[in-house]
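Below is one structure, written out as structure tokens; comments come after it.
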Amino acid sequence: MESRSFVLFLMLIPVLAYTQGRFMNVEIKSTQLTDRHYMLQGAGGNIGLYVGDEKAFMIDDQFAPLSQKIMAEIDSISQLPVSILVNTHWHGDHTGGNENFGTAGAMIIAHDNVHVRMSQEQNRGGKITAAAPVIALPVITFDEGLTFRDLEEPVMMIHVDSAHTDGDAFVWFPESNVLHMGDCFFHKRFPYIDLNSGGSFRGAISAVERALLIIDQDTQIIPGHGPMASMQDLLYYRTFLMTIRDRMISELQDHKTREEINSAEIVAGYEDLNWAFITADRFVDIVFASMSDE
């Protein structure tokens, strides 16, 4: 819809200069999962999209400078406006576009703790994140779960506690067998667990266990980062997490300090999960910090 895209363009004028840098060459690509479900990828967390008869339902929205590109990709799929936007957690690579999509009319839904963290300045290990403007905040929040029934099929939001953060939520389409796991699943890469936002390594394992209780061999899984996944991929991810857990337990039982623990030995066999944001050393740092505090 040209008028909608133009309005969004006007909202984005203040950030266009920034877009010319980091995000200038980012392309938003969509993958169709069913007649109504899509995954969009660009920079940041994977986006889920459901296209109904009268409205579009979106899961996460990446960074603010990408909102115009994301809207253009959605327009190529459907002319329906994004009426509902769910955030799987509070991090900026999943909520950065909230202000733009909220201004364009989307109703934002998230866990209670997403609202708490976004509405206050956050200190993540010395990195300060400013409070979000009111228009970017969730207007509907939930504690343990919420079922949304204003589409052609129900959508369930399921809170998983102390996993990637303290405000994570799965978004589950039981009739279509599609699950968006947010950053409770980093596919084909080391995960990031935000200990400063209430996340924990054992909680990350528990989140995977919970997902495995509701999916089956045919479930299409949208991870927070990485390509589309299946139940087999998630089982592999669980084995990886549990292997790391067991290796770290052994080191902690020997009363080793972080400096005495060899990262290469902890991640042996999983070196291919290394990526720019979370290296093996950083991942082991997180696991050690989380488990040594227990």
Side-chain angles (χ1 to χ4, degrees), residues 1-51 55-106 108 136 171 178-183 185-192 220-230 233 272-279:
M1 187 177 289
E2 293 183 359
S3 59
R4 181 155 54 95
S5 296
F6 180 69
V7 169
L8 192 57
F9 171 78
L10 292 179
M11 293 191 300
L12 287 171
I13 286 176
V15 298
L16 285 180
Y18 184 45
T19 308
Q20 294 302 313
R22 179 181 178 187
F23 299 107
M24 180 177 64
N25 296 320
V26 173
E27 296 181 19
I28 306 300
K29 299 180 180 179
S30 59
T31 301
Q32 186 167 4
L33 311 180
T34 73
D35 289 344
R36 295 186 182 274
H37 299 80
Y38 299 79
M39 178 178 74
L40 277 61
Q41 294 179 290
N46 291 330
I47 293 172
L49 178 68
Y50 173 92
V51 178
K55 62 187 67 174
F57 177 104
M58 190 163 88
I59 306 164
D60 290 340
D61 51 28
Q62 299 191 355
F63 297 99
L66 293 174
S67 295
Q68 186 181 15
K69 292 183 178 183
I70 293 167
M71 184 65 73
E73 182 64 20
I74 293 174
D75 282 346
S76 74
I77 296 170
S78 169
Q79 294 297 299
L80 294 172
V82 174
S83 300
I84 307 102
L85 169 62
V86 175
N87 293 144
T88 59
H89 62 288
W90 79 276
H91 288 157
D93 61 322
H94 295 256
T95 65
N98 276 21
E99 181 176 2
N100 295 327
F101 282 94
T103 300
I108 304 173
V171 184
V178 174
L179 175 66
H180 195 308
M181 289 185 63
D183 280 3
F185 185 15
F186 282 71
H187 189 201
K188 297 188 175 181
R189 59 194 69 188
F190 290 129
Y192 170 55
Q220 298 188 80
I221 304 173
I222 302 175
H225 296 265
M228 280 296 300
S230 66
D233 295 318
D272 59 337
L273 301 182
N274 192 75
W275 59 301
F277 182 55
I278 302 295
T279 62

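- For the atom pair CD1 of I84 and OH of Y50, the computed distance is 10.0 Å after rounding to the nearest 0.5 Å.
- In this structure a side-chain-to-backbone donor-acceptor pair under 3.5 Å is present from N46 to G226.
- Closest heavy-atom contact between Q220 and L33: NE2-O, 3.1 Å.
- In this structure, R22 forms a cation-pi arrangement with F63, its terminal cationic atom sitting closer than 6.0 Å to the ring centre and no more than 45° off the ring axis.
- When all heavy atoms of G96 and A64 are compared, the closest pair comes out as O-CB, 3.2 Å.
- Contact annotation: the side chain of I47 never approaches that of I28 to less than 4.5 Å [non-hydrogen atoms, C-beta and beyond].
- Put simply, CE on M181 and CZ on F186 are 11.0 Å apart, with the number rounded to the nearest 0.5 Å.
- When all heavy atoms of V26 and K69 are compared, the closest pair comes out as O-NZ, 2.7 Å.
- Summarising the geometry of A229 relative to P223, their closest heavy-atom pair is N-CD, 4.5 Å, with the distance given to 0.1 Å.
- Nearest heavy atom pair, residue I222 against residue M228, reads CG1-SD, 3.6 Å.
- A donor-acceptor contact shorter than 3.5 Å is absent between the side chain of T95 and the backbone of N98.
- The structure places CD of Q32 at 10.0 Å from CG of L49, a figure rounded to the nearest 0.5 Å.
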(request) Dump the intermediate steps for side-chain hydrogen bond (donor to acceptor under 3.5 Å, both in side chains) on S230 and D233, then the final yes or no. (result) CA-CA 5 Å; S230 66; D233 295 318; 3.2 Å; yes
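- In terms of heavy atoms, S83 sits closest to K55 at OG-CB, 3.4 Å.
- Rounded to the nearest 0.5 angstrom, Y38 OH and D35 CG are separated by 7.5 Å.
- Here the side chain of H94 pairs no donor or acceptor atom with the backbone of G224 at under 3.5 angstrom.
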(request) Kindly determine whether Q41 and E73 satisfy side-chain contact (heavy atoms from CB on, under 4.5 Å), including the steps that lead there. (result) CA-CA 10 Å; Q41 294 179 290; E73 182 64 20; over 6 Å; no
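- Between N274 and F190, some side-chain heavy-atom pair lies under the 4.5 Å cut-off.
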(request) Begin from the C-alpha positions of Y192 and H91 and carry the test side-chain contact (heavy atoms from CB on, under 4.5 Å) through to its verdict. (result) CA-CA 11 Å; Y192 170 55; H91 288 157; 3.9 Å; yes
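- Going from atom NE2 of H187 over to atom CG of L273 covers 9.5 Å, rounded to the nearest 0.5 Å.
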(request) Give the C-alpha distance, both sets of side-chain angles, the deciding distance and a yes or no for side-chain contact (heavy atoms from CB on, under 4.5 Å) between L85 and M58. (result) CA-CA 5 Å; L85 169 62; M58 190 163 88; 3.8 Å; yes
(message) Using the rule given for side-chain contact (heavy atoms from CB on, under 4.5 Å), can you reason through W275 versus K188, listing the C-alpha separation, both sets of side-chain angles and the distance that settles it, and then say yes or no?
(response) CA-CA 9 Å; W275 59 301; K188 297 188 175 181; over 6 Å; no
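- Taking the side chain as every heavy atom from C-beta outward, D93 and F277 never approach each other to under 4.5 Å.
- Put simply, OG1 on T88 and CG on D60 are 3.5 Å apart, with the number rounded to the nearest 0.5 Å.
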